[in-house]
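Written out below as structure tokens is the structure these notes cover.
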Amino acid sequence: MSAENTVDTVPVIKPEEKQPKKSFKMNVNTKSKIVTTSKTVVMTLFRWIVLIGVAYVIIGPVLGIISRSFFSDSDSSNSLVYMIPQNPTTERYEVASRTLSYMSTMLKSVGYAVSLMLIQVLMCSMAGYGFARFDFPLKKLLFAFVVLMIVLPTHTIMLPLYMTFSNFDIFGIITAIHGEPLNLMATPIPVYILTALACGLRSGLYIYIFNQFFRGLPKEIEEAAFVDGAGTWYTYFRIMLRNAMPAAITVAIFSLVWQYNDTFYARLFHVSDKMLISMRITGLQATIANVYRINSPKILELYMDAGIVLLMLPIVLIYVVLQKQFIEGVERSGIVG
Amino acid sequence: MKKKKKLTLIQKRAITGFLFILPWLIGFLWFYAKSIIMTTQFSLSELTVKPGGGYTLKFVGLENFRFAFRGHGTFKQILTTSVGDMLIDVPLITFFSLFMALLLNKKFKGRTLIRAIFFLPVILNSEAIRSAMEMSRSLLAGGVASASAELVEAAGSGGVSVEYYIQMFTNLGLPMGLIEYIMGAVSRISEIINASGVQIIIFIAALQSIPGSMYEVAKIEGATGYETFWKVTFPMVMPHIITVVVYTVVDSFVDSQVVNLAYETAFDQKNYGLSSTFSLVSTVVTCAILLVVCRFIQKRTFYYN
């Protein structure tokens with residue numbers, strides 16, 4: 001009997017107890033759901049307003065350049081035409097790319113920038129790693145030199161660099177073999193030497209970036225690698241550099257952009273403008289004016305715009321690919337994220 | 001073998017570390033140390049270029065420095081304005097770029113496009129394109145870029161009275177200096193945006209290098225978004241704030257009037273001695289600022305180890 005009673009009472013009580021609980025829970029759930037969804041909606045809205053606003057400020061002048069590069073002669077003289085050309089033409093691009101001999105110069109430029117970028121990432125990450133993880137005498141002073149390297153105005157190093165590379169010699173070795181010091185002007189070799197010694201374009205900044213990223217990595221990873229018998233080089237290449245991938249990509253991107261657009265070293269070392277699109281673009285306007293007998297500055301500017309778009313295009317494409325391929329790859333790969 | 005055995009572990013580590021920085025050290029001593037010594041030497045002497053090439057130096061002591069600070073008409077003024085601009089811009093750019101990086105770091109549709117757009121200032125500010133753009137500057141004169149520079153006047157004529165808002169904020173008891181600072185920031189918003197491309201990318205990389213497990217822990221412990229930001233994101237980003245500050249200071253310094261003045265003095269007026277003095281003084285001032293700022297931040301910085 002008692003067993004039957006308990007069996008009866010349990011199902012009777014249970015629904016009574018459960019019912020209010022369930023409805024209460026439902027209420028909280030729906031309420032919090034409404035709150036969270038409205039929160040996310042407001043946040044997304046806010047984010048998009050800010051992003052679009054800022055993006056507009058950035059992209060406004062660029063859109064102007066892009067649209068003007070399609071203007072025909074009549075459009076540029078018609079003051080009613082704004083942004084959207086009436087008689088769009090691709091003639092500006094044809095002329096500009098012919099004058100720049102675009103494909104070959106661009107490929108050479110990108111090759112030059114990419115090769116320098118790889119060297120720079122390697123050398124600067126090494127220096128950054130050395131500063132971040134090892135203790136050696138005079139470390140603080142040497143790191144102050146890195147900062148000094150960033151701060152020093154570039155024009156102060158022009159003269160010494162010029163003198164060094166126009167009479168290039170290493171402790172008299174080259175004079176002994178060659179008879180006289182080498183003149184490395186008008187070749188890209190000085191830039192490669194500088195970059196290989198981590199003293200290239202803005203190398204100080206890259207060393208600094210790497211240093212900060214390596215310092216932020218947990219020491220345990222490194223210790224684990226050592227315990228497992230990995231040597232210093234293996235640890236650095238396979239473990240630390242992998243983990244500092246965001247830093248490496250950031251540096252790679254900066255290095256690529258600045259190297260590709262560099263005119264300082266190119267001018268200083270007289271690197272041939274057949275190789276560097278950044279040097280060609282500065283002479284574009286004058287060349288077109290001479291070759292095609294165009295006198296109106298307004299129309300010449302349209303060619304210049306097309307040239308700027310052509311110059312920017314490969315870099316933007318490389319950036320999009322890099323950040324898609326790598327940065328999202330970093331997010332997926334387990335070690336960091 | 002015997003020698004190696006005598007080395008302690010600490011010494012071994014020191015040698016390995018030294019090997020890692022060795023290429024840089026060689027480069028630095030070869031190229032930069034030389035230039036620093038030369039600049040110092042020039043600043044202490046009077047340089048005359050020989051007609052056939054080469055130059056002669058005449059030691060004049062601190063004459064150039066004395067002239068820069070006492071005799072030169074504009075140097076002191078330009079130096080102080082450059083430093084002042086720098087000090088105003090750095091916090092604005094740092095916080096703005098951190099804010100934008102936080103917005104860009106979340107996953108949303110069209111992120112690639114938006115990130116590509118935010119990358120544009122880096123390209124647009126690089127040498128070749130900037131000089132090309134300067135050539136066709138007149139095109140931009142009517143563009144959007146110039147519009148925001150005259151925001152204050154434009155807003156006044158567009159029916160929104162800026163004076164009214166300034167009045168309102170002063171009535172609220174906000175200090176006048178703060179209001180002026182914010183107004184100045186708003187009117188230069190396009191400059192700030194264009195100057196923070198690099199910083200945004202550094203911060204995005206910083207945010208991505210934060211281990212995801214930290215956020216998981218924070219979530220399990222029941223931290224709100226606000227708490228997560230201040231207790232996880234911000235401390236982890238802190239080391240990179242130093243990087244960004246260093247970059248911002250240097251970037252605003254590289255384009256500043258002081259450097260232009262030094263450049264003009266050297267290459268237009270051919271007065272290398274005075275130019276070196278200008279470069280040296282401004283470099284020392286910038287280094288001093290960096291030292292103070294970095295010390296200040298470094299004390300509050302948390303490193304993972």
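Throughout, a chain's letter reflects where its sequence line sits, starting with A, and its residues are numbered from 1.
Interface remark: Leu25(B) contributes side-chain atoms only to the contact with chain A (heavy atom separation under 4.5 Å). Proximity to chain A involves both the backbone and the side chain of Ile129(B), based on heavy atoms less than 4.5 angstrom apart. Using a 4.5 Å cut-off between heavy atoms, Tyr215(B) does not touch chain A at all. Neither the backbone nor the side chain of Phe278(B) comes within contact range of chain A, judged by heavy atoms closer than 4.5 Å. In this structure, the portion of Met100(B) lying under 4.5 Å from any heavy atom of chain A is its side chain and not its backbone. Contacts of Asp135(A) with chain B are made by backbone atoms alone, with heavy-atom separations under 4.5 Å and no side-chain atom involved. Contact of Ile207(A) with chain B is made through the side chain alone, with heavy-atom distances under 4.5 Å. Proximity to chain B is absent for every atom of Val251(A), based on heavy atoms less than 4.5 angstrom apart. Interface remark: Phe46(A) contributes side-chain atoms only to the contact with chain B (heavy atom separation under 4.5 Å). Residue Leu205(A) touches chain B through its side chain alone, counting heavy-atom pairs closer than 4.5 Å. In this structure, chain B has heavy atoms under 4.5 Å from both the backbone and the side chain of Phe213(A). Residue contact with chain A, scored on non-hydrogen atoms closer than 4.5 Å, involves the side chain of Leu124(B) exclusively. When heavy atoms are compared at a cutoff of 4.5 Å, Met126(A) approaches chain B by way of both its backbone and its side chain. Proximity to chain A is limited to the side chain of Ile193(B), based on heavy atoms less than 4.5 angstrom apart. Heavy-atom distances place the side chain of Ile193(A), and not its backbone, under 4.5 Å from chain B.
Here Cys199(A) is the residue among Ser203(A), Cys199(A), Ala247(A) with the most heavy-atom pairs under 4.5 Å with chain B. Interface summary for chain B: among Ile59(A), Thr250(A), Val54(A), the most heavy-atom pairs under 4.5 angstrom belong to Val54(A). Counting heavy-atom pairs closer than 4.5 Å to chain A, the top-ranked of the candidates Leu102(B), Val249(B), Thr243(B) is Thr243(B). When each of Phe254(A), Trp48(A), Trp258(A) is scored by its heavy-atom pairs under 4.5 Å with chain B, the top score falls to Phe254(A). Counting heavy-atom pairs closer than 4.5 Å to chain B, the top residue among Ile150(A), Leu63(A), Ile315(A) is Ile150(A). If you tally non-hydrogen atom pairs under 4.5 Å between each of Ala144(A), Ala198(A), Ala132(A) and chain B, the highest count goes to Ala198(A). When Met279(A), Arg202(A), Met149(A) are compared by the number of non-hydrogen pairs under 4.5 Å with chain B, Met149(A) comes out ahead. Heavy-atom pairs under 4.5 Å with chain A were tallied for Thr286(B), Leu19(B), Leu22(B), Val198(B); the largest tally goes to Val198(B).
Checked options Ile242(B), Val246(B), Val244(B); the residue passing with Gln212(A) is Ile242(B) (criterion: side-chain contact (heavy atoms from CB on, under 4.5 Å)).
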Practice task
Given ring pair (Phe, Tyr, Trp, His ring centres under 6.0 Å), test Tyr206(A) with Trp24(B) step by step and report yes or no.
Solution key: CA-CA 12 Å; Tyr206(A) 305 145; Trp24(B) 166 79; over 10 Å; no
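When all heavy atoms of Ser35(B) and Leu152(A) are compared, the pair lying nearest together is OG-CD2, 3.8 Å. Considering all non-hydrogen atoms of both residues, Ala116(B) and Val320(A) come closest at CB-CG2, 3.9 Å. In this structure, Ile123(B) and Met312(A) approach most closely via the heavy-atom pair CG2-CG, 3.7 Å. Nearest heavy atom pair, residue Val250(B) against residue Val151(A), reads CG2-CG2, 4.0 Å. In terms of heavy-atom proximity, Ala196(A) sits nearest to Pro23(B) at O-CB, 4.4 Å. The nearest pair of heavy atoms linking Arg13(B) to Glu222(A) is NH2-OE2, 4.4 Å.
The side chain to side chain contact (heavy atoms under 4.5 Å, CB included) test applied to Leu161(A) returns Ile157(A), Phe165(A), Leu194(A), Tyr265(A), Leu268(A), Phe269(A), Phe31(B), not counting sequence neighbours. Among residues two or more places apart in sequence or in another chain, the side chain to side chain contact (heavy atoms under 4.5 Å, CB included) test is passed with Ser276(B) by Thr39(B), Phe42(B), Ser43(B).
The side-chain heavy atoms of Leu51(A) and Ile117(B), taken from C-beta on, include no pair separated by under 4.5 Å. Within the 4.5 Å cutoff, the side chain of Phe28(B) has no heavy atoms near those of the Leu197(A) side chain. The side-chain heavy atoms of Val122(B) and Ile253(A), taken from C-beta on, include no pair separated by under 4.5 Å. Residues Tyr32(B) and Leu148(A) are not in side-chain contact: their nearest non-hydrogen atoms beyond the backbone lie 4.5 Å or more apart.
Ring geometry for Phe20(B) against Tyr129(A) counts as perpendicular: the plane angle is over 60°, on a 0 to 90° scale with 30° as the lower cut. Ring-plane geometry between Phe18(B) and Phe136(A) is classed as perpendicular, the angle between the planes exceeding 60 degrees on a 0 to 90 degree scale with a lower cut at 30.
The number of heavy atoms from other shown groups lying within 6.0 Å of CG (Leu317(A)) is above 12.
To the nearest 0.5 Å, the span separating CZ on Phe131(A) from CD1 on Ile21(B) amounts to 4.0 Å.
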